[in-house]
Student: 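Structure below; questions to follow.
In what follows, residues are counted from 1 in the order of the sequence shown. Keep in mind that what you see is a predicted model, and the values were worked out from it rather than measured.
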Amino acid sequence: MSPALLFCILIAYFALLLGVAWATARGANNDSFFIGNKSSNWMLVAFGMVGTTLSGATFISVPGAVGADGFGYAQILIGYVIGYVAVAYLLLPVYYRLRLTSIYHYLDVRLGRRAYQSGAGFFILSRLFGATARLYLVVAVLQAIILDGLGVPFWLTTLVILGMILLYTYQGGVKTIVWTDTLQTTCMLAGLFACVAFLLGRLDLTIPQALQQMQQQGLARVFTHDPNSPGFWLKQVVAGAFIVVTMTGMDQEMMQKTISVKTLGDSQKNLLSLTAVLVVVLGAFLFLGGLLYLYAPVAGVTATGDKIFPAVVMGHLPAAVQIVFLVALISALFPSADGAITALTSTFCIDILGIQRRDDLSEGARVRLRGHVHLAFAVLFLAMVLVFKWVDNPSMIVVILKLASYTYGPLLGLFAFGMMTTRTLQDRLVPAVTVGAPILCALLEYHQHALLGSYRLGLELLIVNGALVFAGLFAISRPATASPAVATVRITNDV
């Protein structure tokens with residue numbers, strides 16, 4: 001299929017997004033942008049969050065990793081289920097009781113202003129790295145299958161895509177994203193299951209027969225039993241749970257959609273429904289990866305890792321499947337980038353600039369300031385994607401989870417300390433603790449051969465990071481002078 005035709009499909013899809021944005025953003029204000037006027041439908045939020053949670057990294061990297069790791073990602077998936085239940089019943093009740101717009105305001109009223117700013121700052125860093133890594137992966141695939149053939153440079157492709165995202169999120173924010181994410185999740189899942197069905201047909205296999213062949217070739221192995229391995233099953237399950245607690249429950253992007261639902265009960269139904277759908281969808285992605293590695297030798301494809309899915313589809317499957325793949329790929333791209341830019345804008349405006357506390361700003365001035373911040377983050381996204389282009393790691397899902405271990409660890413430590421103790425902090429020392437813990441983790445990982453012998457750190461580094469922050473906060477804290485009941489009243493009143 002010609003790059004020009006594929007490019008026309010890309011433009012048509014974007015036009016559809018603009019139409020949805022126009023229909024949903026009318027009458028939008030800052031409250032619409034930040035939390036969707038607290039009136040989002042929980043079923044739409046749950047379904048749309050599937051696309052945000054999975055992203056282009058899942059679409060490309062999870063099937064690609066099957067060649068090296070088999071179905072090992074299922075170990076993390078088990079942990080995800082535990083993590084989502086914890087978020088639904090431990091964190092969401094706190095957020096709703098305090099009627100938060102930014103979840104990091106909890107850190108302000110519980111631990112102090114420096115803890116609040118540290119939490120918001122690490123979210124900005126976390127989401128900036130994670131979202132741009134995901135964005136780079138999908139832009140790189142689009143560049144290879146469409147834009148290189150048209151002579152368009154990589155930086156221009158990224159610039160245009162970010163411009164598209166700005167156009168449909170600039171006014172409506174969360175109010176618009178709830179609807180666009182639903183559309184994009186539908187397209188992404190349609191592409192996933194269409195590719196699975198077509199590959200099964202090409203291989204002339206039923207699902208049980210395909211699983212049997214994957215098992216025979218070592219592609220369907222799930223559990224790693226070596227305790228010293230980074231992929232040891234217990235490490236992966238525990239890490240998966242903590243990844244969800246931090247990357248969903250302590251992440252403003254994910255929570256601002258969840259708390260945009262009117263009631264706590266509906267918000268909990270949203271997360272539990274999301275969990276059930278994710279189990280099915282991630283299982284389908286792993287199965288797709290196995291099919292790709294069964295089909296690749298038949299088709300003479302030598303690509304592996306992140307390159308195998310686009311190589312098989314664009315080089316060996318019919319035009320109709322290529323169109324479905326392209327639409328699904330684009331649908332995987334936008335939810336992870338649009339929500340991230342919107343959430344970063346919200347956090348920076350609310351938590352860093354204090355836009356809602358400033359009486360010197362009119363509503364019009366607040367909207368203009370929010371627009372300038374939104375634009376600035378889009379420019380920063382462009383710079384970060386170009387950095388990832390320079391790095392060009394062959395498996396971005398590994399990079400994303402590794403970065404999360406460093407940047408979400410301080411959030412884990414801060415929230416855990418606030419919820420598990422009643423102690424008060426020496427506020428001015430909090431930044432030193434939250435910055436020092438990731439540095440210690442980096443030193444530990446770098447010297448693990450000498451310090452840990454044959455043991456190899458994996459995703460449990462996130463837990464180690466959070467524990468170091470917790471210990472550091474305990475060291476700079478003192479017993480609370482007020483009882484827990486009094487402290488709770490103070491938090492409620494402050495909010």
Side-chain angles (χ1 to χ4, degrees), residues 83 86-87 89-126 238-239 241-252 255 347 350-352 354 357 404-445 460-495:
V87 172
Y89 291 101
L90 296 180
L91 294 181
L92 280 183
V94 175
Y95 299 156
Y96 270 83
R97 185 175 69 247
L98 300 181
R99 302 186 302 278
L100 301 179
T101 299
S102 167
I103 62 173
Y104 306 117
H105 190 61
Y106 166 79
L107 299 176
D108 187 15
V109 297
R110 170 62 185 89
L111 301 177
R113 182 50 54 93
R114 296 292 179 87
Y116 171 40
Q117 292 174 335
S118 296
F122 270 99
F123 163 71
I124 290 171
L125 192 64
S126 302
V238 173
F242 277 93
I243 284 170
V244 167
V245 169
T246 52
M247 295 181 71
T248 297
M250 299 172 187
D251 184 289
Q252 177 66 17
M255 286 295 99
T347 297
I350 296 170
D351 302 320
I352 305 300
R357 300 189 301 269
S405 298
Y406 283 97
T407 57
Y408 280 95
L411 285 170
L412 175 61
L414 285 165
F415 274 90
F417 187 86
M419 293 180 176
M420 296 174 66
T421 78
T422 59
R423 298 172 70 88
T424 59
L425 295 173
Q426 299 180 55
D427 196 41
R428 61 186 176 83
L429 298 179
V430 171
V433 172
T434 55
V435 172
I439 293 174
L440 288 176
C441 286
L443 292 173
L444 175 63
E445 185 176 26
E460 74 273 19
L461 195 62
L462 168 66
I463 305 169
V464 174
N465 196 354
L468 287 173
V469 172
F470 188 99
L473 295 176
F474 193 90
I476 63 169
S477 68
R478 56 182 178 272
T481 55
S483 69
V486 174
T488 300
V489 170
R490 186 183 77 81
I491 290 173
T492 305
N493 289 339
D494 284 348
V495 173

Student: Measure the OG1-CZ distance between Thr434 and Phe122 for me, rounded to the nearest 0.5 Å.
Tutor: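 With rounding to 0.5 Å, OG1 (Thr434) is 4.5 Å from CZ (Phe122).
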Student: How long is the span from the NE2 atom in His105 to the CZ atom in Arg99, to the nearest 0.5 Å?
Tutor: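 Nearest 0.5 Å value for the NE2-CZ distance: 10.5 Å.
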Student: Taking only residues at least two apart or on different chains, which pairs with a member in residues 414-436 satisfy ring pair (Phe, Tyr, Trp, His ring centres under 6.0 Å)?
Tutor: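 Every ring pair (Phe, Tyr, Trp, His ring centres under 6.0 Å) pair that includes a residue of residues 414-436, provided the two are not neighbours, is Tyr106-Phe415, Phe417-Phe470.
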Student: Could you give the distance from CG (Asn465) to CG (Leu412), rounded to the nearest 0.5 Å?
Tutor: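 Rounded to the nearest 0.5 Å, the CG-CG separation comes out at 8.0 Å.
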Student: Enter the distance from Thr248:OG1 to Leu91:CG here, rounded to the nearest 0.5 Å.
Tutor: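 Taking OG1 in Thr248 and CG in Leu91, the distance rounds to 10.0 Å.
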Student: After noting the C-alpha distance and the side-chain angles of Met419 and Arg110, does the key distance pass the side chain to side chain contact (heavy atoms under 4.5 Å, CB included) rule?
Tutor: CA-CA 9 Å; Met419 293 180 176; Arg110 170 62 185 89; over 6 Å; no
Student: Please report the interatomic distance CG(Leu425) to CG(Leu107), rounded to the nearest 0.5 Å.
Tutor: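 If I round to the nearest 0.5 Å, the distance is 10.0 Å.
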Student: Test Val464 against Cys441 for side chain to side chain contact (heavy atoms under 4.5 Å, CB included), laying out the working first.
Tutor: CA-CA 7 Å; Val464 174; Cys441 286; 4.3 Å; yes
Student: List in chain and number order the residues that pass salt bridge (charged side-chain N to carboxylate O under 4.0 Å, His left out) with Arg423, two or more places apart in sequence or in another chain; answer none if no residue qualifies.
Tutor: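 Once residues adjacent in sequence are excluded, Arg423 has no partner under the salt bridge (charged side-chain N to carboxylate O under 4.0 Å, His left out) criterion.
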Student: So does Ile243 get a backbone contact from the side chain of Thr246, meaning a donor-acceptor N/O pair under 3.5 Å?
Tutor: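 Indeed, once roles are kept as given, a pair shorter than 3.5 Å links the two residues.
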Student: Could you report the tightest heavy-atom contact between Val469 and Ala437, atom names first, then the distance?
Tutor: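 Shortest heavy-atom separation between Val469 and Ala437 comes out as CG2-CB, 3.4 Å.
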Student: Determine, stepwise, if the pair Ser477 / Thr421 fulfils side chain to side chain contact (heavy atoms under 4.5 Å, CB included).
Tutor: CA-CA 10 Å; Ser477 68; Thr421 78; over 6 Å; no
Student: Check Ile463 against Val238 and note the closest heavy-atom contact, atom names and distance.
Tutor: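 In terms of heavy atoms, the two residues are closest at CD1-CG1, 3.3 Å.
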Student: Might you point out which heavy atoms bring Pro438 and Pro410 nearest each other, and give the distance in Å?
Tutor: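 Answer, listing the atom of Pro438 first, then Pro410: CG-CG, 3.8 Å.
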Student: Hey, could you give me the CG/CD1 distance between Asp427 and Ile476, rounded to the nearest 0.5 Å?
Tutor: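 Going from the CG atom of Asp427 to the CD1 atom of Ile476 covers 8.0 Å.
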Student: Check ring-ring contact (aromatic ring centres under 6.0 Å, His included) between Tyr104 and all other residues, then give those that pass, not counting sequence neighbours.
Tutor: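 ring-ring contact (aromatic ring centres under 6.0 Å, His included) check on Tyr104 returns Phe123.
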Student: Mind listing the closest non-hydrogen atom pair of Val245 and Ala86 along with its distance?
Tutor: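 Taking every non-hydrogen atom into account, CG2-CB, 4.2 Å.
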Student: For the backbone of Gly249 and the side chain of Tyr95, can you confirm whether one donor and one acceptor N or O come within less than 3.5 Å of each other?
Tutor: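 Side chain of Tyr95 to backbone of Gly249, a donor-acceptor pair under 3.5 Å: yes, one is there.
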Student: Taking the side chain from Asp108 and the backbone from Tyr116, do they hold a donor-acceptor pair closer than 3.5 Å?
Tutor: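 No, because the side chain of Asp108 does not come within donor-acceptor range (under 3.5 Å) of the backbone of Tyr116.
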Student: Does the side chain of Met255 reach to within under 4.5 Å of the side chain of Leu92, using non-hydrogen atoms?
Tutor: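 Yes, side chains in contact.
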Student: Quick check: closest heavy atoms across Leu414 and Leu111, and the distance to 0.1 Å?
Tutor: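 Taking Leu414 first and Leu111 second, the nearest heavy atoms are O-CD1, 3.6 Å.
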Student: Could you walk me through whether Gln117 and Val430 pass side chain to side chain contact (heavy atoms under 4.5 Å, CB included), step by step?
Tutor: CA-CA 10 Å; Gln117 292 174 335; Val430 171; over 6 Å; no
Student: Quick one: are Glu445 and Leu461 in side-chain contact, heavy atoms under 4.5 Å?
Tutor: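 When only atoms from C-beta onward are counted, Leu461 and Glu445 do touch, with a gap below 4.5 Å.
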